[in-house]
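First comes the structure, then the notes that go with it.
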Amino acid sequence: MAVTQRINDLNELPLISRQRRERVLSGIQPTADSFHLGNYLGAMRHWVNMQATHDCFCFIPDLHAITMAHDPAALARRTRVAVAQLLAVGIDPQRSTLFVQSHVPEHSQLAWVLGCITGFGEASRMTQFKDKSSKGGAERASVGLFTYPVLQAADILLYQADAVPVGEDQRQHLELSRDLAQRFNKTFGNTFTVPEPHIVKDTAKITDLQSPTAKMSKSASSPQGIVNLLDEPKAIIKKFRAAVTDANREVIFDPEHKPGISNLLTIYSSFSGKSVPDIEAGYAGRGYGDFKSELAELVVEALTPIRERTQQYLDDPAQLDAILADGATKARAVAGHTLAAVYERVGFLTA
Ligand code: TYM
């Protein structure tokens, strides 16, 4: 669509319409061969549930995935597996706009503009950059890794998202998105919805089964510490059996003194729908062994259909491509509208 056309449309369509359903947007990086229980319980499951009440945008941030050294063939494979897993957990392309970030060039275009109103010091304070760059030394970290949170702000602001359902680790990036939206609005006129983080406390940080005070992480967890959505039942059972637990044998929720058992109780409660006190009561006097093996069974039962459906989607690449093409068209219609307003407001001539 020509930029002039888009700007004409702007006069007819209010950018920040209050008529529509609340909009949510979130993304998950294609940086592993499978997503894990932290991704699922902390984020993906909320996206699926919110489809009933919200206008949902859900995407795979492949541009973010090249901010660290990567293998191109693995990225392409993982992007497909990522989309298949989102469909398999219940993201419905009829109800949600499901797309791949690099199919919507407006993300990079808005990121440039936002980068120009982001302070160098402000970007330097992002703890994920500090963590990730500390591994190889800041000197060797890419500029892309440094500006990663600005691209994330562009992802969110392009769609005028009201809420962003994420885990706790994304809180600081969301603060930056809010600051940039407010700064832009103040400087150039009201353009962006200021997004609210949607962080569900109970599942905001699922921890590593081997180091129960650290978050379960695609990049940092050991294979034994991470339960993948695509793990075979045998592997899931083995990992729960070997999960690090705490002194004494009582199944009690006490994150400070019993982080291992508390994490397992959170997972149990999420999959069974039972409250933590009910689970505690059910295992009173029975010890960790029964609890761990019944938890493993619950998780196997929940993940087996997800694994099978993922494979079915992967077996039909033409269908995946069609879903993504449709998602990109829908996403670009919204993103183009916002970008045209931004370009006009910062003083760019229309092409
Ligand atoms: P990513 O790919 O690391 O994680 C995807 C989602 O999973 C959540 N999560 C967890 N939640 C609970 N416990 C855990 N152990 C756990 N590990 C991960 C994350 O908080 C996230 O919600 N920067 C983002 C991707 C992104 C994005 C966006 C998100 C790019 N643009 C715009 C929201 C909006 C990331 O790396 O997520």
Side-chain angles (χ1 to χ4, degrees), residues 23-48 50 56-68 75 78-79 81-82 85-86 89 91 99-102 104 107-108 110-111 114 126-129 131-132 144-145 147-178 180-181 195-221 225-229 259 263 266-267 270 331 335:
R23 182 170 288 161
V24 297
L25 170 134
S26 209
I28 181 159
Q29 288 198 75
T31 43
D33 287 320
S34 171
F35 296 141
H36 57 66
L37 281 190
N39 301 133
Y40 181 59
L41 299 179
M44 296 159 75
R45 219 171 47 137
H46 304 307
W47 309 344
V48 173
M50 289 174 109
C56 293
F57 282 68
C58 182
F59 75 106
I60 304 297
D62 53 349
L63 300 176
H64 282 103
I66 64 166
T67 54
M68 306 281 276
L75 176 61
R78 289 169 169 180
T79 302
V81 180
Q85 284 173 96
L86 287 175
V89 299
I91 297 296
F99 64 100
V100 171
Q101 187 186 32
S102 62
V104 184
H107 289 247
S108 318
L110 180 59
L114 295 179
M126 295 292 121
T127 52
Q128 282 213 344
F129 172 75
D131 288 351
K132 289 190 180 171
L145 186 65
T147 57
Y148 175 120
V150 178
L151 178 60
Q152 182 160 346
D155 300 337
I156 298 166
L157 303 186
L158 265 183
Y159 299 93
Q160 309 289 352
D162 299 288
V164 184
V166 286
E168 181 60 40
D169 60 350
Q170 298 300 312
R171 190 183 286 281
Q172 195 189 30
H173 289 168
L174 288 196
E175 269 309 311
L176 179 71
S177 302
R178 287 172 57 80
L180 294 179
E196 291 290 335
H198 176 94
I199 300 176
V200 179
K201 190 170 161 276
D202 289 349
T203 50
K205 184 181 168 191
I206 300 296
T207 61
D208 183 311
L209 298 196
Q210 289 299 313
S211 336
T213 51
K215 76 165 181 178
M216 189 178 282
S217 155
K218 289 195 272 269
S219 51
S221 292
I226 187 167
V227 177
N228 291 306
L229 299 194
N263 186 44
T266 300
I267 298 172
S270 303

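When a ligand or atom number is given, it counts from 1 through the structure's own listing order.
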Taking NZ, NE, NH1 and NH2 as the nitrogens, is one of them in E196 or R178 under 4.0 Å from a carboxylate oxygen of the other? yes
Can you work out which protein residues put a heavy atom within less than 4.0 Å of ligand 1? L25, S26, G27, I28, Q29, H36, G38, N39, G42, A43, F59, P61, H64, Y148, Q152, D155, I156, V164, V166, G167, D169, Q170, T203, A204, K205, I206, K215, M216, K218
Residues two or more places apart in sequence or in another chain: which of them pass side-chain hydrogen bond (donor to acceptor under 3.5 Å, both in side chains) with T127? Q172
Residues in side-chain contact (heavy atoms from CB on, under 4.5 Å) with S217, at least two apart? K215, S219, A220, S221
Could you tell me which residues satisfy side-chain contact (heavy atoms from CB on, under 4.5 Å) with A32, sequence neighbours excluded, listed by chain and number? K218
Measure the spacing between NZ of K205 and CD1 of I199 and express it to the nearest 0.5 Å. 13.0 Å
Donor-acceptor pair between T207 and N263 side chains, under 3.5 angstrom: yes
